[in-house]
Amino acid sequence: MGALIGLWEWLGENLIIIQIMIKIVVIVAPLMLAVAYFTYAERKIIGYMQVRIGPNRVGPKGWLQPIADAVKLMFKEIVIPTKANKLLFLIAPLLTLGPALAAWAVFPFTEELVLADINAGLLYILAMTSVGVYGVIIAGWASNSKYAFLGALRSAAQIVSYEIAMGFALVGVLVAAGSLNLGDIVNAQRGEGGLFNWYWLPLLPLFVIYFISGVAETNRAPFDVAEGESEIVAGFHVDYSGMPFACFFLGEYANMILISALTALMFLGGWLSPFPASWVDGVFLLGDGIHWLFIKTAIFGFFFLWLRATFPRFRYDQIMRLGWKVFIPITIVWILVVGLAVVYQMPWWFD
Amino acid sequence: MTFEQFVFYVFAAILVFAATMVITRRNPVHSALFLVLAFFSSACIWMLAEAEFLAIVLVLVYVGAVMVLFLFVVMMLDIDVETLRAGFISYLPVGLLVAAAMALEIFLVVGPDNFGLENYAAPAARAADYNNTAEIGNVLYTVYMYPFEIAAVILLVAIIAAVGLTMRKRPETKSQDPSQQVKVKKGPDRVQVVSMEAED
């Protein structure tokens, strides 16, 4: 163990790039595993909600199903349509997956556990998630198919619309915390009240809007008009097969986990314990820790699946109405409210 | 050459290449995508110049929003490539002349005579904890308050004008009114129970 720590420190001094690579692997590998088992959880949970069993053939209780899916997708042929734009057709899946993974670079898992602790972390995450839309647009255009193209157009309009509401919701958070650094945002939610000190209470409308916009941003049901299998077959990825399709799939689920984790970080105190520090000081697992972040993220991940099993798909004009005429005005009004609360140092949260 | 210079030249080369491709590619979608690449590499160069906030905002606003809408429009255009190709050679000499004149003008204004290192010393590198976002915010909302607010109002006027231009009502088109639809009640609006006599 001592030798390993010595090697780690030696790497930090001499070959810092290798050290950073190892850190990236330590973040991405569990993330990919989480994505794989998130798909399994989705099929099982929606199965139970619809009074089915879900996958139960591969391995004990179907536990190996995601592995089998991954192996199947890896060995499938990559079909490229004849008149497709080959280069763009193959770049598009990478443009979806890349930003979805890059956004995790500034994500703080605990006080110290963060790859790049930059000042403008929140801005960086917004920029990265907004770049992800190119994968969908380019895929739809490069496939040279009308269904794919319709899916791309729908998704471009939808993602751009909901990004505004999402950005405004985050403006409320950064006004409240007075910082763009994600670690500082979590620390600003620390207080004697435990979970009542988190931002979900003073920023309740922004919290709800952020999560719903997140569902729309990731093109998940009930906002999945970009895929709409009963309307436009499968939308932007109708012509994809094998690994390129798997990249879209991984990107979508990585984005879902990212939105869940960000909601937990921004509004539910990230790694902070829900109990006041004076009650649980020194009690095993009840104090602050990374496990709280995982639990909160898992709850929001479950919400994604629950929404999908419960609601029918929105009609396109209703999606636009909700985004532009309901969410954006509410967020703007609430930013004013938060601004006033911060200026006049409202007790409990902002004093 | 230091590592920083090497990174600068790599991104500068990508930027110049992408900018050239923007004006030479025939397919407008390719041009728009190269413009995205150009924005992205200039954001990387700004990052090297320690303007982190501006670099990320450039990606967020131009790459993430403006170019997405731009692509959205360009993809829907039905363009005949042959007509675009037709005038290229005949316009080339004029185009080159204008480009050379502009390049010369830019060189004269921002060239080394006016902005060389002997006129403006290179700013000292800041420490890692220097908060560039807070600095910009402080200056923007104190010293440059009025220009900033005026720019915001001009943008607002442009938004209202654009909305006003598209808001013409055409009585012959039929459309759904979602605000009416969401007000529908379960009772008399949506379901109506009709009693009918049974037929033989």
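If you're wondering where the values come from, they're calculated on a predicted model, not measured in any experiment. Below, chains carry the letters A, B, ... as their sequence lines are ordered, and counting in each starts from 1.
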Using a 4.5 angstrom heavy-atom cutoff, name the option from A:Tyr134, A:Tyr124, A:Phe149 with the most pairs to chain B.
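Heavy-atom pair counts peak at A:Tyr134.
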Tell me, out of A:Met128, A:Arg321, A:Gln318, A:Glu163, who's got the most heavy-atom pairs with chain B below 4.5 Å.
A:Arg321
Contacting moiety of [X], where chain B heavy atoms sit under 4.5 Å:
{"X": "A:Ile159", "value": "neither"}
{"X": "A:Asp117", "value": "neither"}
{"X": "A:Ile164", "value": "neither"}

Which of residues 165-182 of chain A get closer than 4.5 angstrom to chain B, counting heavy atoms alone?
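Result: A:Leu180.
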Proximity of residues 97-105 of chain A to chain B, residues having a non-hydrogen atom under 4.5 angstrom:
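Residues of residues 97-105 of chain A touching chain B at under 4.5 Å: none.
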Take a 6.0 Å sphere around CD1 of A:Ile17 and say whether it holds more than 12 heavy atoms from other residues, nucleotides or ligands.
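Counting other residues, nucleotides and ligands, CD1 of A:Ile17 stays at 12 neighbours or fewer.
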Does atom CD of B:Gln5 have more than 12 heavy-atom neighbours from other groups under 6.0 Å away?
yes
Side-chain atoms of residues 56-75 of chain B: list all donor-acceptor pairs with protein atoms under 3.5 Å, sequence neighbours left out, distances to 0.1 Å.
none

Could you give the distance from CG (B:Leu33) to CH2 (A:Trp141), rounded to the nearest 0.5 Å?
7.5 Å
With B:Asn132, which residues qualify under side-chain contact (heavy atoms from CB on, under 4.5 Å), at least two apart?
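In terms of side-chain contact (heavy atoms from CB on, under 4.5 Å), with neighbours along the sequence ignored, B:Asn132 is linked to B:Glu52, B:Phe53, B:Tyr130, B:Ile136.
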